[in-house]
Structure formats: structure tokens, C-alpha cells
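Since the model is a prediction, treat every value here as computed from it, not as a measurement.
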Amino acid sequence: MSESQAEEDRRVAIFDDRPFFERALVYGCHHGIIDAERLQHIRHDAPKGMVQIAEYFGTQYLRANIEEARLRMVNLVSLYLEDCSGGDLARAARLLRDNTFLSHSRGGSEMLKRLWALPEDSSHGLLNRQSQKDFLAVWSLRTLAAYRQVLAERQTYQSTISAALWFAEQLGVRPSELSTIAAESVIRSALLVRLSGSKLKTMPSLGEFASALEDLRRKGRPLRRKSAVDDLWPDLPQSCREPAEREWRRFLEEDLPRIIDASLPLGKLVQDLEPLYFLRDFDAAESEQLIVAASREWQRLTAGKTDDSSLLTVFVCLAAGMPGKPALARSEARKLLHQARRDGLQREPVLAFIRSFAPDPMQDDLAALWIDFFPEAVSYLLDASDDTLSGALEFLAENCVVHPDRRAASARK
């Protein structure tokens with residue numbers, strides 16, 4: 001048969017909604033590939049297959065079970081034939097000629113059993129949610145297209161888990177420690193370990209994770225030029241390359257912009273990224289490290305000020321979407337007002353900042369201070385009738401710290 005004729009047969013088959021087995025059988029008989037003797041063998045074997053399938057899923061003594069078994073058997077044979085032949089009816093007909101009918105049914109069943117054995121997601125050690133029998137009951141009636149789609153998904157999960165296990169072994173983490181852990185998080189942590197240079201030798205704890213992010217933030221945007229996964233892990237096996245490169249791209253596109261964004265407090269950054277990384281368990285000492293890191297961030301933004309006016313200045317800046325400062329020059333105050341009138345004032349970011357970074361004994365009082373202050377601030381700072389900003393500036397001067405421009409620099413020291 002010419003290639004053009006085979007291609008024409010494939011195009012015709014696409015629009016034929018009969019089971020692929022039936023199409024291949026009719027094609028084989030019509031073109032002399034399957035003779036009467038082979039057809040008789042198929043007729044002899046088919047009832048045996050139906051009984052076996054009916055017994056597996058229920059009983060052979062009910063007509064409804066036998067009819068359902070017939071549909072399952074035809075579909076299993078169709079799955080195997082179409083997958084092996086690539087949809088080529090002539091090739092499928094030759095397979096029917098050269099192999100027993102029941103071998104094709106078993107072939108379809110084995111395809112589905114291999115699919116069942118693959119992981120349903122990228123969590124290592126997660127047990128199959130369906131029994132094999134329940135899975136076969138559903139999938140023995142599904143199409144080849146559905147099978148191939150799920151097969152591709154599960155093969156990706158399998159390769160990701162295998163890569164995560166390799167990275168974990170290199171960093172001294174036992175497979176048992178990864179039970180139900182998302183494999184992607186293990187790979188990201190492994191990349192972070194090498195990206196941090198010599199500071200980390202194994203998977204980071206929470207405190208080490210925060211320190212690593214802080215170090216990367218200091219390195220800034222040139223980090224984007226840090227090349228590919230091969231530079232981080234030169235001994236990476238080929239089978240691990242695709243999952244590792246996928247997570248590296250996600251790190252560059254999703255994590256890195258947030259890491260180098262100095263306006264995002266370190267504590268909030270750690271809180272947001274921590275679920276995406278595999279971290280070792282931490283104890284009270286680790287918790288203390290995070291408290292110290294949060295305290296450093298609080299000290300940096302407040303410049304050590306504890307009076308209400310300085311803290312309200314920081315809060316108003318954050319509410320307007322600007323970096324927090326404990327004192328503003330008059331020109332900076334005008335800029336803040338213009339931005340607030342354009343974008344509004346937000347209450348929640350300030351409360352989140354207080355919860356993340358303020359010393360524990362101060363948090364409730366600071367939250368109450370801001371909640372009480374916020375409605376009045378909105379009333380004055382966003383007053384559209386105050387088109388010269390004079391009333392808003394006066395309100396800021398009375399409640400916050402606003403200096404003439406020439407004194408702002410010294411006030412921040």
C-alpha cells in the first residue's frame with residue numbers, strides 16, 4: 001500500500017465513530033489481510049474474553065454484565081490496537097492476523113494497569129486513591145485520547161518525583177522524609193542550596209531559608225544572569241534535567257522578582273515562598289532566628305522610633321503603597337498625598353506589617369492605634385475638596401512627622 005493511500009485511510013478513520021477494533025477488522029477482511037480461518041479464531045476467542053471480564057467485574061450469569069463485558073473487551077482491544085498501530089488500519093489488521101484476539105485484550109488491560117501504577121500527582125509516597133479494579137472499571141471504557149492525555153500527565157509526575165529523590169539523596173535527605181511532599185518543592189530547595197554558594201550544604205531549615213533569601217536580595221538583579229541548571233548541578237542526570245529546568249524557570253519568573261523587590265518585607269517574603277520549598281523541621285532556636293529577622297526589618301523601617309507620630313508616618317506610607325519612613329520631607333508628603341488620591345489608602349497592608357514584624361508585646365496596641373487613626377486619615381487625606389492639599393498637609397503635620405525639605409535628611413539619621 002502506498003503512503004498516500006495509508007494516509008487517506010487514517011483520515012477516513014478519524015471520522016468513523018465505530019470502535020477501532022471493528023474498523024480494523026472490517027478493513028482487514030475487505031483487503032484480504034484477515035482470512036476466514038483467522039476470523040473464526042476471533043469468533044471463538046471473543047466469548048472467552050467476555051466471560052473472563054464479566055467474572056472480574058461482577059458475574060457472568062447476568063445478561064447486563066455480559067453486555068458490559070463485551071463493550072469493555074472491544075474497547076480494550078481497540079486501545080491496544082490503535083496505540084500499537086498509530087491509527088494505521090492496515091497495520092492494525094496485520095496485528096489481528098498475526099496475534100491472538102485475547103492477547104490484544106490483555107495488551108489493553110496491561111496498558112491501563114501501567115497507567116494506574118503511575119503517580120496521580122507529584123507528591124512522593126502518596127497512595128493511589130482508587131483500587132486497581134475500580135480504576136479498570138472506569139478506564140476500560142475510556143478512549144485512547146483520554147488515556148494518552150493522562151499518561152503524559154502522570155509520566156511528568158513520575159519524572160518530577162524521580163528528580164526530587166535524586167536531589168534529596170545528594171543532599172542527605174532520606175526518601176521517608178519526603179512522604180506526601182510535593183516533588184517540585186524539593187527541587188526548588190535543591191536549586192536554592194546551590195544558588196546560595198557554600199553557605200548551605202543540605203536542605204535548609206526555615207531560618208536558613210530566610211537567610212538565603214536575604215542574601216539573594218542583596219545580590220540583586222545580576223542574579224538573573226546566573227545560568228542554567230547545569231552550572232548549579234553539573235552532575236545532573238539527563239533524566240532529571242527537564243523537571244529541574246522547569247522549576248528553575250519558575251524560580252526566575254515567579255520567585256526572583258519578589259526576592260529582589262526591596263519593598264516587600266523579608267518576613268512577608270518568607271511567609272509567601274515557604275510553602276513552595278521543602279524545608280527541614282525547625283525548633284525553638286529556628287523560631288528565634290525568624291523573630292530576630294523580623295525585628296531587624298522592624299528596626300530598619302522604623303529607624304528605632306517608638307513614638308506614635310513616627311510609627312503613624314510609617315503606617316501612612318505603607319497604606320499609600322510607598323516604602324515606610326518614620327519622617328517625611330514636605331515634598332515627600334505631597335508625593336504621598338498625590339499617590340494616595342490616585343490609588344487610595346489601604347488598611348490591611350499595615351495590619352499585616354504589624355503582625356509580621358512588630359514586637360509581640362506591641363502588636364495589639366499598634367493595631368488599635370492604626371485602626372482608630374485610619375478613618376480620620378482617609379477623611380482628611382482623600383478629601384477631594386482640598387484641592388491645594390493644605391488641609392491634608394496640616395493633618396499629616398499634626399499627627400505624623402513632616403519636616404521642611406531642608407531638615408528631612410537630618411531627621412532620618
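- Inter-residue side-chain proximity for Pro326 and Val314 is flagged as met; some heavy-atom pair is nearer than 4.5 Å.
- Taking 4.5 Å as the limit, some side-chain heavy atom of Arg23 sits within range of a side-chain heavy atom of Leu89.
- Defined by atom type and a distance below 3.5 Å, a donor-acceptor pair is missing between the side-chain atoms of Thr156 and Arg246.
- No side-chain heavy atom of Gln52 sits less than 4.5 Å from a side-chain heavy atom of Tyr56.
- Under the 3.5 Å distance criterion, the side-chain polar atoms of His31 are matched with a main-chain donor or acceptor of Tyr27.
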| task | Apply side chain to side chain donor-acceptor pair (under 3.5 Å) to the pair Ser85 and Arg94, showing each step before the final yes or no. | result | CA-CA 9 Å; Ser85 69; Arg94 289 193 293 272; over 6 Å; no

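- The shortest distance between side-chain heavy atoms of Leu337 and Leu396 falls below 4.5 Å.
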| task | Carefully, step by step, assess Ser78 and Asn75 under the rule side chain to side chain donor-acceptor pair (under 3.5 Å). | result | CA-CA 5 Å; Ser78 295; Asn75 199 60; 5.3 Å; no

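- Every residue two or more places apart in sequence or in another chain was checked for a side-chain hydrogen bond (donor to acceptor under 3.5 Å, both in side chains) with Arg334, and none qualifies.
- Among all heavy-atom pairs drawn from Trp166 and Leu236, the shortest one is CZ3-CD1, 3.7 Å.
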| request: Show your working on side-chain contact (heavy atoms from CB on, under 4.5 Å) between Leu96 and Leu81 and close with a plain yes or no. | output: CA-CA 8 Å; Leu96 284 172; Leu81 276 179; 3.8 Å; yes

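- Of all non-hydrogen atoms in Arg280 and Thr202, the two that sit nearest each other are NE-CG2, 3.9 Å.
- Between Leu269 and Arg217 the shortest heavy-atom distance is CD2-NH2, 3.7 Å.
- For residues 263-276, the set of pairs meeting the salt bridge (Lys or Arg N to Asp or Glu O under 4.0 Å) definition, not counting sequence neighbours, comprises Arg258-Asp272, Lys268-Asp272.
- For Lys335, the salt bridge (Lys or Arg N to Asp or Glu O under 4.0 Å) test picks out no residue, with sequence neighbours left out.
- Open room surrounds OH on Tyr380; 12 or fewer heavy atoms of other groups in view lie less than 6.0 Å from it.
- Contact record, Pro175 with Leu165: CB-CD2, 4.1 Å, taken as the closest heavy-atom pair.
- Pairs engaging residues 316-355 under the ring pair (Phe, Tyr, Trp, His ring centres under 6.0 Å) rule: Trp298-Phe353, Phe353-Phe357 [sequence neighbours left out].
- Checked against side-chain hydrogen bond (donor to acceptor under 3.5 Å, both in side chains), Arg241 has the following partners two or more places apart in sequence or in another chain: Asp230, Gln238.
- The two residues Met203 and Val173 have their closest heavy-atom pair at CG-CG2, 3.5 Å.
- Looking only at side-chain heavy atoms (C-beta outward), Ile161 and Pro119 come within less than 4.5 Å of each other.
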| message | Applying side-chain contact (heavy atoms from CB on, under 4.5 Å) to Cys84 and Leu95, what does each step give before you reach the verdict? | response | CA-CA 9 Å; Cys84 291; Leu95 287 171; 3.9 Å; yes

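- In this structure, the side chain of Glu82 does not engage the main chain of Gly87 through any donor-acceptor pair within 3.5 Å.
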| query | Is there a ring pair (Phe, Tyr, Trp, His ring centres under 6.0 Å) between Tyr80 and Phe20 once you walk through the steps? | reply | CA-CA 10 Å; Tyr80 184 72; Phe20 188 80; over 10 Å; no

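- Aromatic ring centres of Phe278 and Phe209 lie farther apart than the 6.0 Å criterion allows.
- Atom-to-atom distance recorded for Gln170:CD and Asp235:CG is 6.0 Å, nearest 0.5 angstrom.
- Trp139 contributes no side-chain N or O that, together with a main-chain N or O of Ala146, makes up a donor-acceptor pair within less than 3.5 Å.
- Shown here are the side-chain hydrogen bond (donor to acceptor under 3.5 Å, both in side chains) partners of Glu68, two or more places apart in sequence or in another chain: Arg72.
- The side-chain hydrogen bond (donor to acceptor under 3.5 Å, both in side chains) check on Ser189 picks up nothing, with sequence neighbours excluded.
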| request: Run the numbers on Ser105 and Val74 for side-chain contact (heavy atoms from CB on, under 4.5 Å), then give the verdict. | output: CA-CA 8 Å; Ser105 176; Val74 169; over 6 Å; no

Anything under 3.5 Å between a donor and an acceptor, one on a side chain of residues 340-347, the other on a protein residue two or more places apart or in another chain? List them.
from, atom 1, to, atom 2, distance (Å)
Arg341, NE, Leu381, O, 2.8
Arg341, NH1, Asp383, O, 3.3
Arg341, NH1, Asp386, O, 2.9
Arg341, NH2, Leu381, O, 3.3
Arg341, NH2, Asp383, O, 3.2

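- A donor atom on one side chain and an acceptor atom on the other are found under 3.5 Å apart for Tyr277 and Asp255.
- Within 6.0 Å of CD on Glu242 lie no more than 12 heavy atoms contributed by other residues, nucleotides or ligands.
- Side-chain contact check for Pro204 versus Leu279: some heavy-atom pair is nearer than 4.5 Å.
- A 4.5 Å side-chain heavy-atom check between Val316 and Cys400 finds at least one atom pair inside the cut-off.
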| message | One pair to check against ring pair (Phe, Tyr, Trp, His ring centres under 6.0 Å): Trp248 and Trp233. What are the steps and the verdict? | response | CA-CA 12 Å; Trp248 176 244; Trp233 287 90; over 10 Å; no

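- Under the salt bridge (Lys or Arg N to Asp or Glu O under 4.0 Å) criterion, Arg174 pairs with Glu177, sequence neighbours left out.
- Panel note: side chain Ser185, backbone Ala182; a donor-acceptor pair is recorded below 3.5 Å.
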| said: For a salt bridge (Lys or Arg N to Asp or Glu O under 4.0 Å) check, start with the C-alpha distance between Asp35 and Arg38, then their side-chain angles and the critical distance, and finish with the verdict. | reply: CA-CA 5 Å; Asp35 58 19; Arg38 171 51 62 188; 5.9 Å; no

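- In this structure, the salt bridge (Lys or Arg N to Asp or Glu O under 4.0 Å) partners of Glu254, at least two apart in sequence or on a different chain, are Arg188.
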| said: Evaluate Asp83 against Arg148 for salt bridge (Lys or Arg N to Asp or Glu O under 4.0 Å), listing each step before the verdict. | reply: CA-CA 9 Å; Asp83 189 57; Arg148 285 176 171 170; 3.2 Å; yes

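- Closest heavy-atom contact between Lys133 and Phe57: O-CE2, 3.7 Å.
- With a 6.0 Å radius and a threshold of 12 heavy atoms from other residues, nucleotides or ligands, Asp134 has its CG atom above the threshold.
- For Asp45, the salt bridge (Lys or Arg N to Asp or Glu O under 4.0 Å) test picks out no residue, with sequence neighbours left out.
- Gln155 has its side chain within reach of Leu151: a pair of non-hydrogen atoms, C-beta onward, lies under 4.5 Å apart.
- Under the 30°/60° scheme for interplanar angles, the aromatic rings of Phe373 and Phe395 are found to lie parallel.
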| field | Stepwise side-chain contact (heavy atoms from CB on, under 4.5 Å) test for Cys317 and Leu328 | value | CA-CA 9 Å; Cys317 289; Leu328 296 173; 3.8 Å; yes

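- The salt bridge (Lys or Arg N to Asp or Glu O under 4.0 Å) contacts involving residues 367-377 comprise nothing, where partners must be two or more places apart or lie in separate chains.
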